[in-house]
Amino acid sequence: MVLNSPRGTADLYGKELTYRNFILEKSKKLFNRFCYDPIVTPAFEHTEVFSRSIGQATDIVQKEMYTFYDKKQRSLTLRPEGTAGVVRAVVENKLYAQNLPIKLFYAGNMFRYERPQKGRMREFFQLGAEAIGSANPLMDAEMIWLISDLFSSLGFKDLVLLINSMGCTLCRKSYTQKFQEFLHHHQEKLCPECRHRLDTNPLRVFDCKRQSCRHAIEDSPKISQHLCSSCRDHFEKVRRYIKILGINCQIDHSLVRGFDYYSRTVFEVVSTALDSAQNALGGGGRYDDLVKQFGGPDLPAIGFAIGLDRTSLLMQQLGIKPSASRELKSLYLISMDQQYSEYLLELLQFFRKECICDTNFNIKNISKELKWAQKHHYDFVAIIGEEEFKNCRVSIKDMQKFKQHAFDWKNEKDTILALLRGN
RNA sequence: GUGAGAAUAGCUCAGCUGGUAGAGCACAGGAUUGUGGUUCCUGGGGCCGCGGGUUCGAAUCCCGUUUCUCACCCCA
């Protein structure tokens, strides 16, 4: 039976997993410093959790969800994104009944039924943060600060941060009308798809990559110039705050994100270097109406998510190495004969309390073993051969210094420890 | 969902207009019976993605299928 993993999924191991764990560990430390608590929510939810929050008209809900019925005929859906589930959990567990805002972070697998390509899988991994219960523009600034710090702590230097405001329900509505009118006047310049969008979801015309459409909307009214006074004030403050934080960003009037629940501040981190059409590494925004929609109190909120797959891909492409913070020394224990196994076990137990340690489970000649140990950058090699076994000794070789010394196993444990600790 | 290309050893790939399946790296053994980046010798490994067709004969040509890649779409 020959089976491969389903389309758009992948097994993760080795180098790839090293990168992902590095990203996860770095971000956990960062979230901790910013006082965000971890949350784990289910990988699947009732279908309405997503269909109602993300928006019926969006592509994700229309054709990209893994929806299935369980044995009791409940319609369930594998999560296509993280925010909806977290908001549902916050409402269900009444987590808002505490000092607000509540600040959470998560990491997990997400699922979208799409045509796979580089940086876009059907099962993919995101990590993200949500802050629920504050409308303060400082909150927006903190989110942008987080996402920007996250990437710089991973070693990225030249990423572009795009920012825009989509306004609140009120000003977006009046703006959308103006924009729609504008589009009607320039209908003939738009591609067929955009002509269709014009009626269903006019803001999505901004996402069109066709030169002709981009050109057509060049002189269109910009949303950031049609905000109501309170949204304009909010957006100005956000921009001032992130400037104070020393974070570079570009205002992108055409940045309109794909979920219906976004309002006011939206932002995205893109790479011009990522060798792929999928160049958005992360993004997020405010969703001031979503908690209420889920039956909770009227709480403003903001969040973001980053794609682990793409981030890892770009790190590898740019040659950014996960900085190996290996505090412990490593030792390779070589036994020359199976007969020494009991002695070896005793030593292995001792070494593993002190350092990273492996042993040769299959007996080979010592030359090969040393070559292997060197190639794998072991700091030390310990050898049990006939001499050592008979006299209850162990030879320890410092691989960098090319120095070797035989220790008395019974009486020189402290000396061995001192050597391993580099004293 | 639309369009294009690809699939051969663990990895990277060669294999011409059909005629016995190849290299480098990796792995294993040896030169060197207990000592380090080199070198040399030897070896194991393959339903040539899967299924069908054409043919005396298919890795090679044709069709289908699956997966991957790229672009569109969309998004992280």
Side-chain angles (χ1 to χ4, degrees), chain A residues 1-10 13-15 23 54 57-65 79-83 107-128 147 191-194 196-197 201 204 207-210 255-259 267-271 274-284 303-314 332 334-337 362-378 380-389 395-404 406:
Chain A
M1 184 170 64
V2 181
L3 287 178
N4 44 12
S5 80
R7 186 167 163 81
T9 67
Y13 54 88
K15 189 180 166 194
I23 298 167
I54 296 169
T58 60
D59 273 24
I60 290 181
V61 171
Q62 295 255 305
K63 51 190 189 193
E64 294 177 3
M65 294 208 302
R79 58 182 172 194
E81 59 102 30
T83 301
N109 47 356
M110 310 289 160
F111 307 86
R112 288 181 206 169
Y113 191 90
E114 294 182 280
R115 190 84 159 248
Q117 65 187 72
K118 190 170 217 151
R120 190 175 75 183
M121 301 289 279
R122 287 184 171 179
E123 183 194 31
F124 58 102
F125 293 78
Q126 285 189 338
L127 64 87
I147 196 170
C191 67
E193 281 174 70
C194 283
H196 179 69
R197 287 178 178 136
N201 203 347
R204 301 233 59 80
D207 277 342
C208 193
K209 280 177 192 160
R210 285 171 209 272
L255 178 64
V256 283
R257 296 181 47 78
F259 306 148
F267 51 95
E268 205 167 279
V269 173
V270 299
S271 158
L274 191 54
D275 205 7
S276 150
Q278 315 303 327
N279 66 348
L281 289 176
F304 75 84
I306 76 160
L308 280 183
D309 314 65
R310 288 178 191 178
T311 304
S312 154
L313 208 62
L314 185 59
Y332 189 57
I334 303 171
S335 164
M336 306 294 295
D337 196 304
N362 300 318
I363 308 295
K364 293 174 225 164
N365 80 48
I366 190 158
S367 174
K368 301 269 176 191
E369 298 291 7
L370 276 169
K371 272 183 195 168
W372 189 87
Q374 182 177 41
K375 196 171 162 186
H376 290 81
H377 309 295
Y378 276 90
F380 298 97
V381 157
I383 301 162
I384 312 170
E386 199 180 347
E387 287 296 310
E388 288 87 352
F389 180 70
S395 296
I396 298 179
K397 179 189 275 284
D398 184 318
M399 294 298 278
Q400 253 99 61
K401 294 178 186 162
F402 274 74
K403 272 187 188 165
Q404 182 172 334

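Below, read A as the first sequence line, B as the second, and so on, with proteins coming before strands; counting in each chain starts at 1.
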Report all interatomic pairs (protein N or O, nucleotide N or O of nucleotides 40-43 of chain B) with separations under 3.5 Å.
none

* To do: Might you point out which heavy atoms bring Thr83(A) and Glu81(A) nearest each other, and give the distance in Å?
  => N-OE1, 3.1 Å
* Secondary-structure string, 5' to 3', Watson-Crick or G-U under 3.5 Å, | for another-strand partners, for RNA chain B -> (((((((..((((.....[..)))).(((((.......))))).....(((((..]....))))))))))))....
* With Glu268(A) via salt bridge (charged side-chain N to carboxylate O under 4.0 Å, His left out) - residues at least two apart -> Arg257(A)
* Can you name the nearest heavy-atom pair linking Arg7(A) to Pro116(A), along with the distance? -> NH2-CD, 3.6 Å
* Residues in side-chain contact (heavy atoms from CB on, under 4.5 Å) with Phe389(A), at least two apart? -> Tyr340(A), Tyr343(A), Ile384(A)
* Taking every non-hydrogen atom, the tightest pair across Gly82(A) and Gln126(A) -> N-OE1, 4.1 Å
Would you list the protein and nucleotides 30-37 of chain B atom pairs, both N or O, that sit under 3.5 Å from each other?
{"residue": "rG30(B)", "atom": "OP2", "partner": "Asn365(A)", "partner atom": "ND2", "Å": "3.3"}
{"residue": "rG34(B)", "atom": "O6", "partner": "Glu386(A)", "partner atom": "N", "Å": "2.5"}
{"residue": "rG34(B)", "atom": "O6", "partner": "Glu387(A)", "partner atom": "N", "Å": "2.8"}
{"residue": "rG34(B)", "atom": "O6", "partner": "Glu388(A)", "partner atom": "OE1", "Å": "3.0"}
{"residue": "rG34(B)", "atom": "N1", "partner": "Glu388(A)", "partner atom": "OE1", "Å": "2.7"}
{"residue": "rG34(B)", "atom": "N1", "partner": "Glu388(A)", "partner atom": "OE2", "Å": "3.2"}
{"residue": "rG34(B)", "atom": "N2", "partner": "Glu388(A)", "partner atom": "OE2", "Å": "2.8"}
{"residue": "rU35(B)", "atom": "O2", "partner": "Lys397(A)", "partner atom": "NZ", "Å": "3.0"}
{"residue": "rU35(B)", "atom": "O2", "partner": "Gln404(A)", "partner atom": "OE1", "Å": "3.3"}
{"residue": "rU35(B)", "atom": "N3", "partner": "Gln404(A)", "partner atom": "OE1", "Å": "2.7"}
{"residue": "rU35(B)", "atom": "N3", "partner": "Gln404(A)", "partner atom": "NE2", "Å": "3.2"}
{"residue": "rU35(B)", "atom": "O4", "partner": "Gln404(A)", "partner atom": "NE2", "Å": "2.6"}
{"residue": "rG36(B)", "atom": "N7", "partner": "Lys397(A)", "partner atom": "NZ", "Å": "3.3"}
{"residue": "rG36(B)", "atom": "O6", "partner": "Lys397(A)", "partner atom": "NZ", "Å": "3.4"}
{"residue": "rG36(B)", "atom": "N1", "partner": "Met399(A)", "partner atom": "O", "Å": "2.7"}
{"residue": "rG36(B)", "atom": "N2", "partner": "Gln374(A)", "partner atom": "NE2", "Å": "3.1"}
{"residue": "rG36(B)", "atom": "N2", "partner": "Met399(A)", "partner atom": "O", "Å": "2.7"}
{"residue": "rG36(B)", "atom": "N3", "partner": "Gln374(A)", "partner atom": "NE2", "Å": "3.0"}
{"residue": "rG37(B)", "atom": "O4'", "partner": "Gln374(A)", "partner atom": "OE1", "Å": "3.4"}

* Can you check whether Lys375(A) has a side-chain N or O nearer than 4.0 Å to OP1 or OP2 of rC25(B)? -> no
* Structure fact -> Residues passing the side-chain contact (heavy atoms from CB on, under 4.5 Å) test with Ala10(A), sequence neighbours excluded, are Met121(A)
* For Lys371(A), salt bridge (charged side-chain N to carboxylate O under 4.0 Å, His left out) partners two or more places apart -> none
* Asked: Checking all strands, does Phe259(A) fall into the base, sugar-phosphate, or nothing category for heavy-atom contacts under 4.0 angstrom?
  -> sugar-phosphate
* Would you please name every residue forming a ring-ring contact (aromatic ring centres under 6.0 Å, His included) with Phe124(A), sequence neighbours left out? => none
Scan nucleotides 66-68 of chain B against the protein and return all N/O pairs shorter than 3.5 Å with their distances rounded to 0.1 Å.
{"residue": "rC68(B)", "atom": "OP1", "partner": "Gly8(A)", "partner atom": "N", "Å": "2.7"}
{"residue": "rC68(B)", "atom": "OP2", "partner": "Arg7(A)", "partner atom": "NH1", "Å": "3.0"}

* Counterpart residues, ring-ring contact (aromatic ring centres under 6.0 Å, His included), relative to Tyr332(A) (two or more places apart) -> Trp372(A), Tyr378(A)
* Produce a footprint string for nucleotides 1-9 of chain B: one letter per nucleotide, 5' end first; B if the base is under 4.0 Å from any protein heavy atom, S if only the sugar-phosphate is, - if neither. => BBB------
* Could you list the residues that satisfy salt bridge (charged side-chain N to carboxylate O under 4.0 Å, His left out) with Glu386(A), not counting sequence neighbours? => Lys390(A)
* Between atom CD1 of Ile60(A) and atom CE of Met110(A), what is the distance when rounded to the nearest 0.5 Å? -> 11.5 Å
